[in-house]
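To start, the structure itself, in structure tokens.
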Protein chains: 2
Amino acid sequence: MRIAVDAMGGDHAPQAIVEGAILAAREYPKIEVILVGDKFRISALLNHVEKLPKSISIQHASEVIEMGESPLLGLRKKKDSSIAVAVQLVKEGRADAVVSAGNTGAVVTATKLKLRFLEGIERPAIGTVFRHNKGVSLLLDAGANIDCIPRHLFEFAIMGSDYAKEILGYPKPRVGLLSIGEEASKGNELTKEVFSMLEKTNLNFIGNVEGRDLLTGAADVIICDGFVGNVVLKVGESVAVYFKELMKKEFTSNPIRKLGALLLTGAFRSIARKADYAEYGGAPLIGVRGTCIICHGRSNPKAIKNAIRVASEVVSHHVNQHIVESIKANGHALARPPKSVS
Amino acid sequence: MRIAVDAMGGDHAPQAIVEGAILAAREYPKIEVILVGDKFRISALLNHVEKLPKSISIQHASEVIEMGESPLLGLRKKKDSSIAVAVQLVKEGRADAVVSAGNTGAVVTATKLKLRFLEGIERPAIGTVFRHNKGVSLLLDAGANIDCIPRHLFEFAIMGSDYAKEILGYPKPRVGLLSIGEEASKGNELTKEVFSMLEKTNLNFIGNVEGRDLLTGAADVIICDGFVGNVVLKVGESVAVYFKELMKKEFTSNPIRKLGALLLTGAFRSIARKADYAEYGGAPLIGVRGTCIICHGRSNPKAIKNAIRVASEVVSHHVNQHIVESIKANGHALARPPKSVS
């Protein structure tokens, strides 16, 4: 199993990425990590390491697409960027998967352009795994597809279900459609049509779920278009940050409160652990011919290590093959009722 | 100033509603409150009250539309429901505004059907006032209009701006369009078209805001379609509830933590106060010929009192008249570029 890791992408690259790669190589002996990027800078970091795992190698790439750069222009101008080279390794069969904490748009674009899509998939989607009080759920699309037609959300449901089955360990993932009421009649034009499609699939479709169900574990897979997904994830994050800041201010406003907060140190740590994105190892771009895990720009070594593990699991569990089969098995759900004989 | 209050709507009706009406009548001597509903039940509650303000009266309505009932069927079947009668009072000029914590769909439907819309408004919207660390902001539409065309969001922006100016006290409300990136080019087809419309208005349009800006006070008025608005508000609430439950569990898991939490009692109270929906007195349905404030089903007397105050302010500040003028003043923004001569 060979994972190409973009060593230059992310707020703390290459340091955090290289450290994460070393953690992964040590913990998962079957994984070979190919660090893609400036060989001089990467070597300098690796040279300090005692007992460097032999399963780590370097693939030189002379350029870097910066975080704020236009994905398409960046890829066009910088043919030798770490992102482009890492994806190229997958394309040429020299790596099984790619992991990057770099410019998300550039990672998505490079992967979609170079690897193309799985049979039956028109729109690859970004999945986001998040924790709630009963475990974890997967939301997709998290922002790769802004304007969607019903077929796209149908694809997200299939892809999400197979991913959740193989990677999150749900034998029969409950797939919910994010909408504004539980009844089939509640929703916008898009979700109402998707609802009637998903009813015809062999998925464990549980119907609509609402914004308030997001953190109650009502569904294992939550489907929405990329506009709604992006807004929802950012709102969720912002509410969490808001309460954190409010508490910080209130809990330090006088000595008695400070003492109270001190006694709760362990509780705060436990809560922070439960909200730690690093646990889930990045967001998969699902639906491309290959495996691509996108990490948060601020990824720390642990997040990178987990992303490398997840990438290897996606490959070894043949998630893509399952998706192609599921799309085929559910093609009838896409047929429009008026067309009677097919 | 006469406010018709649906005494029968809400989880704690009629008790909480009647108590809220009494609070309002005592605090705001210029407001006459007309309690609409079962006169026997309302009288029974009022009879207990010492020094009952003379500004409270009862308008009998023999029926109640229940919370789970279909709005349209409910209104058709129950002509003498408290909601229908309360709105009718406004229609007949016997009340200046209506306040209800009952079935939201029925309140919206009754108001839209009976009062009709303001000149130039195709889609009345529900506004929601929420608190963040720099004050309060207004989000609309919160769920009245699920599938929207650009013109509708243009209307929401005008209505929201005038409401925020008159009721929230922002001299020049910053209007933001909820989208998935700051640049004009970021968004879905709907928001991109709305962006170019709002640029042409005389509003203080500050461009796109993201989900993460919701609680940072980046905009005083946040515009989105009712599907996104509904999902966003419910997600926000669910994240807050999730953290509250997580903390409760962690803070009581051993005696030391319990002591810590005890020392923070004041801080928790202060945080709860900052998240108290009752402060903001309900959600206005903006764009109808009349004034309608919709309250949370679980409204307590304080929430009802504040809603009555807000309703009276909407009337006395002539918010509707301002909206009609603003729509007229900004009609040019709706013109499509290809049509040259008008």
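Residue numbers begin at 1 in each chain, while the letters A, B, ... track the order of the sequences. Owing to the predicted nature of the structure, the values given are computational and were not obtained by experimental measurement.
- If you tally non-hydrogen atom pairs under 4.5 Å between each of B:G143, B:G266, B:C224, B:C148 and chain A, the highest count goes to B:G266.
- Counting heavy-atom pairs closer than 4.5 Å to chain B, the top-ranked of the candidates A:M247, A:E189, A:E245 is A:E189.
- In the displayed structure, A:I256 atom CD1 is contacted under 6.0 Å by at most 12 heavy atoms of other residues, nucleotides or ligands.
- Between chain A and the residues B:D213, B:N230, B:L215, B:T265, the largest count of heavy-atom pairs under 4.5 Å involves B:L215.
- Proximity to chain A involves both the backbone and the side chain of B:L178, based on heavy atoms less than 4.5 angstrom apart.
- You'll find the side chain of A:L214 stays beyond 4.5 Å of the side chain of B:Y242, heavy atoms only.
- For B:V228, the part sitting under 4.5 Å from any heavy atom of chain A is the side chain, from C-beta outward, and nothing else.
- The greatest number of non-hydrogen atom pairs below 4.5 Å with chain A, out of B:H132, B:K244, B:K258, B:K249, is found for B:H132.
- Interface summary for chain B: among A:G226, A:G181, A:A240, the most heavy-atom pairs under 4.5 angstrom belong to A:A240.
- Residue A:E69 places its CD atom among more than 12 non-hydrogen atoms of other residues, nucleotides or ligands, all under 6.0 Å distant.
- For the set B:K234, B:E237, B:K186, the entry with the most heavy-atom pairs within less than 4.5 Å of chain A is B:K234.
- To the nearest 0.5 Å, atoms CG (A:L233) and CD1 (B:I180) are separated by 12.0 Å.
- When all heavy atoms are compared, the tightest approach of A:S238 to B:G211 is OG-O, 3.6 Å.
- Nearest heavy-atom pair, B:A267 versus A:R257, reported as atom, atom and distance to 0.1 Å: N-NH2, 3.3 Å.
- To the nearest 0.5 Å, the span separating CG on A:D225 from CG on B:N188 amounts to 7.0 Å.
- When each of B:L246, B:T191, B:L190 is checked for heavy-atom pairs under 4.5 Å with chain A, B:L246 comes out on top.
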Criterion side-chain contact (heavy atoms from CB on, under 4.5 Å) on A:F243 and B:I271, from CA distance to verdict
CA-CA 8 Å; A:F243 276 101; B:I271 292 169; 4.2 Å; yes

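- Proximity to chain B (any heavy atom under 4.5 Å) is shown, for A:V231, by both the backbone and the side chain.
- For A:F268 and B:F251, the distance between ring centers is under 6.0 angstrom.
- When heavy atoms are compared at a cutoff of 4.5 Å, B:E210 approaches chain A solely by way of its side chain, counted from C-beta outward.
- Of all the listed residues (B:V239, B:D147, B:I146), the one sharing the greatest number of non-hydrogen pairs under 4.5 Å with chain A is B:D147.
- Under the side chain to side chain contact (heavy atoms under 4.5 Å, CB included) criterion, A:E122 pairs with A:R151, A:H152, A:E155, sequence neighbours left out.
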